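Quick one: this structure, given as structure tokens, is what I'll be asking you about.
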Amino acid sequence: MDPVDREDHENLTDREDPVDLTVVIPAYNEEQRLGPTLEAITGYLAATEDHWGSWEVVVADDGSTDATREVVAALAHPRVRLVGGDRNRGKGHALRAGVAVSRGRRVLVTDADLAAPIEELERLDKALADGGLAAIGSRSVPGATFGSRQHRLRELLGRAGNLLIRRLAVPGVRDTQCGFKLFDGDRARAAFAASRLDGWGIDVEVLQYFRRSGWPVTEVPVHWSHQPGSKIGPLDYARVLADLARLRLRTRRTPRPPRPTRLLPRPSRLLPRLARLLPRPADLLAAALFLLLALALYSGRFFDPGHRYLTDSLQDQNQWEWFFAVTADNVAHLRNPLFTDLQGFPDGVNLMANTVMLGLSAPLAPVTLLAGPAVALSLCMTFGLTATAAAWYWLIVKRVVRQRAAAFLGAALAAFAPPMVSHANAHPNFVVLFMIPLLVDRALRLAAGTRVVRDGTVLGLMAAYQVFLGEEPLLLAALGMLLFAAGYAAVRRDVARAAWRPLLRGLLVAAAVCLPLVAFPLWWQFAGPQSYHGIRHGDDVGNSPLALISFAERSLLVGDAARADSLSPNPTEQNAFYGWPLLLLAFGVTVRLWERPLVKALAFTTVGAALLSFGPRFRLPLTNTVFPGPWALLRRLPLFESVIEGRVAMVCAPALGILLALAVDRLAAAPSAGTLYGGLLAVCLALLPIVPAPLKAQDRAQVPAFFTDGTWKRYVRPGESLVTVPLPDGGDAEALHWQIAAHLGFPLPGGYFNGPYGKDRIGIYGATPTATGYLFREIGTTGVVPALGPAWRARARHDLARWRAGALVLPPQEHEDALRRAVRKLVGRPGKWTGGVWVWDLHGGT
């Protein structure tokens, strides 16, 4: 007799009237889908009873809060039973209960959405008849067919998850999560009775049980169609990975048989070295968890980026999608990637002087051309944030602590701290920072003085690449490393004396490698067409001291939008907001571990960056006393003059993350359980208030058909521009989205970018202001049309001629009627309604 669990076997033999087939359906809040599914299954089995014999259907309710139970009761079928749960515990718990009461010699487990039709049961039955003990439906083996598919990104994530499952749990099985499996009844009851997982990982656990028991499992291709209403959300991916980790730990605890005596010669020592380079399972788990955190953060946009807009990005999402689109267009047509006249026509835009991130937007050009800039930008920001967290994790494990859990918490804080989440709305150049930890590590190698030329060369190449990812983050990282070096040198002068010479030599080598690679792009940025000198950000972009101890708007538990808005310029520039519990914890860690030079240097870096982030002057809270800030010493220097000084507080994130890793690492070695649990409680209380909520997203406005169906081509000739009313700017850049929808077929006057203004070429946001552009914006904002006499018409003719305008286009908006009257007075004739917009053809003159 096979090793079936004794108690379950006895229960099975005691059951009356065994049946040939039991169908088990787990259900949680399935009132909409369960009725048609039950009708399909019972109808099919009743019609084919000669083949299947006696049968039953067990609905395992998982504590549904809707009318799921009533659906089963209303069906009133004598062969359909309901197993009820008092509360929601997960798919695994429901399946365990359903299979436990099954009476079938064979047990089919299928999801309530019936994505694999019940008719596919014949394929699975044939596989069991051929000698298998489990036949699982698969979407990943040859012969599988699809009706409607999942979204491409969700499908990609599913494949990545299956790869991880094969690596960690059930090698050889390509698709464990299809949700359509036929088992030998006795084996199914034994495997499910032995399971412990309550969540989605139950499928993997049961298949692992079959594999260890030596029971053959066959993958069978099935026809599968995605059904709307999936219960799997972004956080469920994290739960599945947690289940995998538990299974992996359980596997390691199981003793393995002794290895056979080696008969072949011992392999080269190269293999152990290569093995050390491969990531450990814990490292892969950390990277997967970082990905899940990023997916949860972007869950409102990630799965449908083309039709979703991050609310708090203001107009930056339009701007960044345009950057990716124009870069891909330049690459595809072999044009200069540093310049375009598609915005700011006819002057154009110096792309190198704008944050187009050529280091990623150019390599992602094929993705942009195939899937669109919205998908490319979404992938860039989501996976870039994941890579940043993974890079900090790698650095902390390599340089600071060996405890993987401590490194994970420190890296998570470094990458998902409140200022990082704020910039995640709109600024990929401050989210994709995976090169910064690599630069830090290479600089530390230089200080060791072992291979100065090699390490200096690599550092130079890395710095050159970071220039094309973001120059301001590189500048802030250099500032942070300088603060750390100064703090460490003050407490370890012996180390500083030994390190400064190789470090200086290595930096010179790095400069010699980096500068030739970036010389021409930097010349173009600072002296090329449409270059500018500095940029005005205003006088209120420094942080208030209160911002450091307050909570950001997107903090899940304690976020306060009104408070955060009063202490920051806008939702994308909440550059501090670490919260007083975390700063209190950091202070306690610093005091407790003060004897360590690393802790002193990190504390100096954190305090120094915080003080610099206050700006050239700051007011003492609750008083009228104003103090000069240390930033006043830097604000006039080249490059620093363009920095938003509040962003310097972002340097605190990795410093605080490393302090947190040191604290958790020390707690792991605590001599008493009280110290361990008390310390972990303090860490949880400090981190919980700053856990971020998913970024707010909304449905995107539909693009007028005028742009999508090509109607615009009848009005814009080669060399002409299309003038939208109002012109695009930093307050409303939706016209950039329309231009992308028209495949960049026409240039636009105005726009949202950084460009020069006046004889001094001071940087401003947008194109050089014009009288007509200002008039359209004022009317669009207020709805008031001023008296438009000959002088205004003359200015309009001048501006339209300069823009080489082929047509004026007025899309629907709040003050549409006022704008239409104004344009009619300026042009001298009414517009034409076509493609969802008002159009004035200017080829007949104004």
Side-chain angles (χ1 to χ4, degrees), residues 279 283 286-287 290-291 294 320 323-324 327 352 355-364 377 379-400 407 410-417 419-420 423-424 427-447 454-485 503 506-507 509-511 513-518 521-522 525 605 609 639 643 647-648 650-655 657-658:
D283 301 332
F290 290 138
L291 176 58
W320 276 97
F323 284 155
F324 272 68
T327 299
M352 190 63 197
T355 51
V356 294
M357 288 185 72
L358 291 173
L360 281 178
S361 59
L364 286 175
L377 177 64
L379 292 175
C380 170
M381 298 183 78
T382 306
F383 289 98
L385 183 57
T386 303
T388 300
W392 283 118
Y393 171 85
W394 170 82
L395 179 68
I396 294 173
V397 167
K398 180 180 180 181
R399 293 282 181 179
V400 184
L413 178 57
F416 294 91
M420 300 293 295
H423 284 272
H427 303 142
N429 55 320
F430 276 98
V431 170
V432 184
L433 300 176
F434 60 86
M435 289 302 302
I436 302 302
L438 305 183
L439 289 166
V440 172
D441 175 71
R442 196 59 55 169
L444 293 174
R445 291 192 186 193
L446 282 178
R454 187 197 67 174
D455 291 332
T457 301
V458 175
L459 180 63
L461 294 173
M462 289 180 172
Y465 182 59
Q466 179 59 45
V467 166
F468 295 104
L469 292 179
E471 297 171 51
E472 188 174 354
L474 178 60
L475 180 62
L476 295 182
L479 182 60
M481 286 189 280
L482 184 62
L483 287 172
F484 178 84
L503 181 59
L507 291 177
V509 172
V513 172
C514 177
L515 289 178
L517 298 175
V518 300
L522 290 181
Q525 174 179 343
T605 304
L639 301 182
V643 173
R647 293 177 176 176
V648 183
M650 299 177 72
V651 174
C652 301
I658 296 174

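Treat the numbers as computed from the prediction; the structure is a model and nothing was measured.
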Restricting to pairs with a member in residues 476-485, which pass salt bridge (charged side-chain N to carboxylate O under 4.0 Å, His left out), not counting sequence neighbours? none
Could you give the side-chain donor-acceptor pairs of residues 463-470 under 3.5 Å, partners two or more places apart or in another chain?
unit_1, atom_1, unit_2, atom_2, d
Y465, OH, G359, O, 3.0
Q466, NE2, G470, O, 3.1

Under a 4.5 Å cut-off applied to non-hydrogen side-chain atoms, are V440 and P437 in contact? no
Applied to residues 388-398, the side chain to side chain donor-acceptor pair (under 3.5 Å) test, sequence neighbours excluded, yields D283-Y393, K398-D441
Which is it for F383 and L291 under the side-chain contact (heavy atoms from CB on, under 4.5 Å) test, yes or no, and what are the steps along the way? CA-CA 7 Å; F383 289 98; L291 176 58; 3.6 Å; yes
Least distance between heavy atoms, P428 atom then M381 atom: CB-CG, 3.8 Å
Sequence neighbours left out, what passes ring-ring contact (aromatic ring centres under 6.0 Å, His included) with F484? Give chain and number order. Y488
Sequence neighbours excluded, every pair satisfying side chain to side chain donor-acceptor pair (under 3.5 Å) that has a member inside residues 470-481: E471-Q525, E472-R647
Which residues pass the ring-ring contact (aromatic ring centres under 6.0 Å, His included) test with F430, sequence neighbours left out? H423
Give me the atom names and distance for the closest heavy-atom approach of T386 to A294. OG1-CB, 3.5 Å
Before you tell me yes or no, could you show the steps for F324 and C380 under side-chain contact (heavy atoms from CB on, under 4.5 Å), namely the whole-Å CA-CA distance, both residues' side-chain angles and the distance that decides it to 0.1 Å? CA-CA 10 Å; F324 272 68; C380 170; 3.9 Å; yes
For the CE atom of M462 and the CG atom of L439, what is their distance to the nearest 0.5 Å? 6.5 Å
Derivation of the side-chain contact (heavy atoms from CB on, under 4.5 Å) call for L364 and L379: CA-CA 9 Å; L364 286 175; L379 292 175; 5.7 Å; no
Is any side-chain heavy atom of L503 closer than 4.5 Å to one of L507? yes
Which residues satisfy the side chain to side chain contact (heavy atoms under 4.5 Å, CB included) test with L482, sequence neighbours excluded? none
Who are the side chain to side chain contact (heavy atoms under 4.5 Å, CB included) partners of A424, not counting sequence neighbours? L297, Y298, V431, L695
Sequence neighbours excluded, the answer for side chain to side chain contact (heavy atoms under 4.5 Å, CB included) partners of R454 is R442, R445, R451
Between A609 and V651 the two heavy atoms that sit nearest each other are CB-CB, 3.8 Å
Would you please name every residue forming a side chain to side chain contact (heavy atoms under 4.5 Å, CB included) with V400, sequence neighbours left out? I396, L598, I658, L662
For a quick test of reading the model, state the closest non-hydrogen atom pair linking V432 to G384 and the distance between them. CG2-CA, 3.9 Å
